[in-house]
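Throughout, numbering of the chain's residues begins at 1 and tracks the sequence. Indexing begins at 1, ligand by ligand and atom by atom, following the structure's order.
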Amino acid sequence: MSKPQGITVLGATGSVGCNTLDVISRHPERYRVVALTAHRQLDKLFEQACRFRPEYLVVADEASALALQARLASSGVVAEVLHGPEALIQVATLPQVDAVMAAIVGSAGLPSALAAACAGKRILLANKESLVVAGRLFMDAVRAGGAQLLPVDSEHSAIFQSLPADYAGDPDASGIRNIILTASGGPFRSRSAQEMLNVTPEDACRHPNWSMGRKISVDSATLMNKGLEVIEARWLFNVAPSRIQVAVHPQSVIHSMVQYKDGSVLAQLGSPDMRTPIACALAWPERIEAGVESLDFFSLSDLSFEKPDLQRFPCLRLAFDALETGGDAPAVLNAANEAAVAAFLDGRLRFVDIAKVVEETMAGVSAAASDTLEALLAKDAEARRFAEGRVAAC
Ligand code: NAD
Ligand code: MG
């Protein structure tokens with residue numbers, strides 16, 4: 001038997017990170033955890049370190065690193081504890097690492113995911129913000145580094161599985177007419193604009209079908225998540241935005257579809273459980289046990305589809321606008337959204353003002369042709385500052 005693959009899990013303590021470790025734990029003969037990273041959840045990271053015995057652990061700052069080191073020493077677990085953004089890059093590019101799960105939330109996940117691309121790793125990409133902020137740069141780095149990029153976002157995993165196995169980024173050559181991203185519609189799908197005025201972070205994070213981190217849960221409630229996914233799909237599959245459609249499908253059974261020129265539609269179906277796309281990316285082209293129940297067709301009452309309502313959910317329209325503007329406009333959209341969502345989760349901004357802050361930031365921070373990581377991160381910082389000003393004015 002071949003030796004186990006070395007894996008780094010960036011964002012190990014999050015929702016995707018924990019699901020990844022759940023899948024990995026089912027296959028000790030296939031995978032060996034080399035590094036785990038977390039920002040602030042030291043208790044969870046400590047438990048994971050005891051269970052998976054990685055060589056490296058990464059936390060946010062020196063104080064957290066010292067605290068974690070002390071706990072590890074008293075429990076006999078040997079691991080090197082590093083801290084800060086440079087350490088994320090270090091563990092994403094170690095020679096003994098074959099695959100990197102990029103599951104940090106937000107543009108904070110970009111530098112380490114990009115470093116993994118440049119180092120030619122197999123990248124399991126959950127961090128959609130990497131492609132939203134730096135789509136062209138990221139895809140160029142994947143090609144130049146000889147990396148393999150596998151989507152973890154459930155919709156993109158579904159599209160990836162529905163494309164021809166030899167798809168080389170040319171939709172016409174593969175007879176593709178459209179890509180259809182499905183969206184659950186989130187917890188406020190049937191609420192009026194008036195009814196959304198006073199929703200709380202707890203309401204917004206109560207997703208009907210998926211259990212996820214708080215930021216993506218709010219994004220799902222505003223439909224910004226679908227907007228970010230449209231941008232992600234544009235880069236992953238090299239399809240023009242005009243060929244990407246969004247269909248609200250409240251049951252979250254069909255995870256997305258590819259429509260071909262001959263009228264065929266190929267879709268991927270499954271229970272809404274992230275362990276399926278995670279296992280798919282980990283083992284591709286093989287299939288492994290993920291701990292997910294089989295879909296029970298006889299308990300499905302209905303599969304329905306609606307057009308998204310861009311009046312009530314303007315964030316989806318703003319994402320298409322950012323793609324049309326081009327350059328670093330998607331980075332501005334993303335930074336403004338991260339700032340607005342954080343303010344909403346802190347109780348400093350109303351839910352309905354998230355879209356307003358994003359729109360005002362896109363109008364106030366002009367797009368440019370940023371094509372380096374430094375320029376894109378500078379734009380991200382500028383847009384965040386601008387958005388914070390708009391939050392304060394709301
Ligand atoms: P989460 O909030 O549950 O976890 C985020 C992880 O990132 C944690 O480990 C946290 O410690 C770490 N982190 C946060 N800020 C950081 C920083 N500044 N520097 C370093 N590490 C930091 O998030 P999640 O729901 O697991 O989502 C992770 C990513 O996966 C997001 O980009 C999200 O859009 C994407 N995604 C998530 C799901 C899901 O089901 N949760 C589905 C599809 C895509
Ligand atoms: Mg998704």
When you compare the side chain of Leu10 with that of Val91, does any pair of heavy atoms fall below 4.5 Å?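 They are in contact (side-chain heavy atoms under 4.5 Å apart), so the answer is yes.
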
Could you list which atoms of ligand 1 come closer than 4.0 Å to a heavy atom of [X]?
{"X": "Ile216", "value": "25 (O), 33 (C), 34 (O), 36 (N), 37 (C), 38 (C), 42 (C), 43 (C), 44 (C)"}
{"X": "Ala38", "value": "11 (O)"}
{"X": "Ala108", "value": "17 (C), 18 (N)"}
{"X": "Met274", "value": "40 (O), 42 (C), 43 (C)"}
{"X": "Ala126", "value": "30 (O), 32 (O), 35 (C), 36 (N), 44 (C)"}
{"X": "Asn127", "value": "32 (O)"}

Decide whether Asn127 and Glu129 meet the rule of one side-chain donor and one side-chain acceptor closer than 3.5 Å.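 Yes, because at least one side-chain N or O of Asn127 sits under 3.5 Å from a partner of the opposite role on Glu129.
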
Whether the Ser25 and Asp22 side chains hold a donor-acceptor pair (N or O, under 3.5 Å, no angle test) is what I'd like checked.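 Judged by distance alone, the side chains do not pair up.
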
Note: [X]-[Y] ion pair, threshold 4.0 Å (strictly below):
{"X": "Glu55", "Y": "Arg32", "value": "yes"}
{"X": "Arg26", "Y": "Glu289", "value": "no"}
{"X": "Asp61", "Y": "Arg40", "value": "yes"}
{"X": "Glu229", "Y": "Lys226", "value": "yes"}
{"X": "Glu195", "Y": "Arg312", "value": "no"}
{"X": "Glu155", "Y": "Lys128", "value": "no"}
{"X": "Lys261", "Y": "Asp172", "value": "yes"}

Polar atom proximity, [X] to ligand 1 (N or O, under 3.5 Å):
{"X": "Gly213", "answer": "yes"}
{"X": "His39", "answer": "yes"}
{"X": "Gly14", "answer": "yes"}
{"X": "Thr13", "answer": "yes"}
{"X": "Val16", "answer": "yes"}
{"X": "Ser15", "answer": "yes"}
{"X": "Glu129", "answer": "yes"}

Above 12 or not: heavy atoms from other molecules or residues under 6.0 Å from CD of Glu62?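 Not buried by this count: 12 neighbours or fewer within 6.0 Å.
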
Is there a donor-acceptor contact under 3.5 Å from the side chain of Asn209 to the main chain of Pro250? yes

of all protein heavy atoms, closest to atom 44 (C) of ligand 1 is Asp153 OD1, 3.5 Å

Atom 34 (O) of ligand 1: closest protein heavy atom, distance to 0.1 Å, is Lys128 CE, 3.2 Å

For Lys215, state whether at least one heavy atom is located under 4.0 Å from any atom of ligand 1.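 Flag not set, Lys215 not near ligand 1.
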
Give a rough value, rounded to 10 degrees, for the angle at the Mg ion (ligand 2) between atoms OE1 of Glu155 and OD1 of Asp153. 100°

Option of least heavy-atom distance to atom 6 (C) of ligand 1 (set: Pro111, Ser107, Ala103, Gly17):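 Heavy atom nearest to atom 6 (C) of ligand 1 belongs to Ala103.
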
Only heavy atoms count here, so choose which of Leu10, Leu88, Ile104 is nearest to atom 21 (N) of ligand 1. Ile104

Between Thr222 and Ile354, which heavy-atom pair has the shortest distance, and what is it? CG2-CD1, 4.0 Å

If I consider every N, O or S atom in Glu229, which one ends up closest to the Mg ion (ligand 2)? I only need its name. OE2

With backbone taken as N, CA, C and O and side chain as the heavy atoms from C-beta onward, which portion of Ala12 lies under 4.0 Å from ligand 1: side chain, backbone, both, or neither? backbone

Region of Val105 engaging ligand 1 - heavy atom pairs below 4.0 Å: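 Near ligand 1, Val105 shows its backbone as well as its side chain.
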
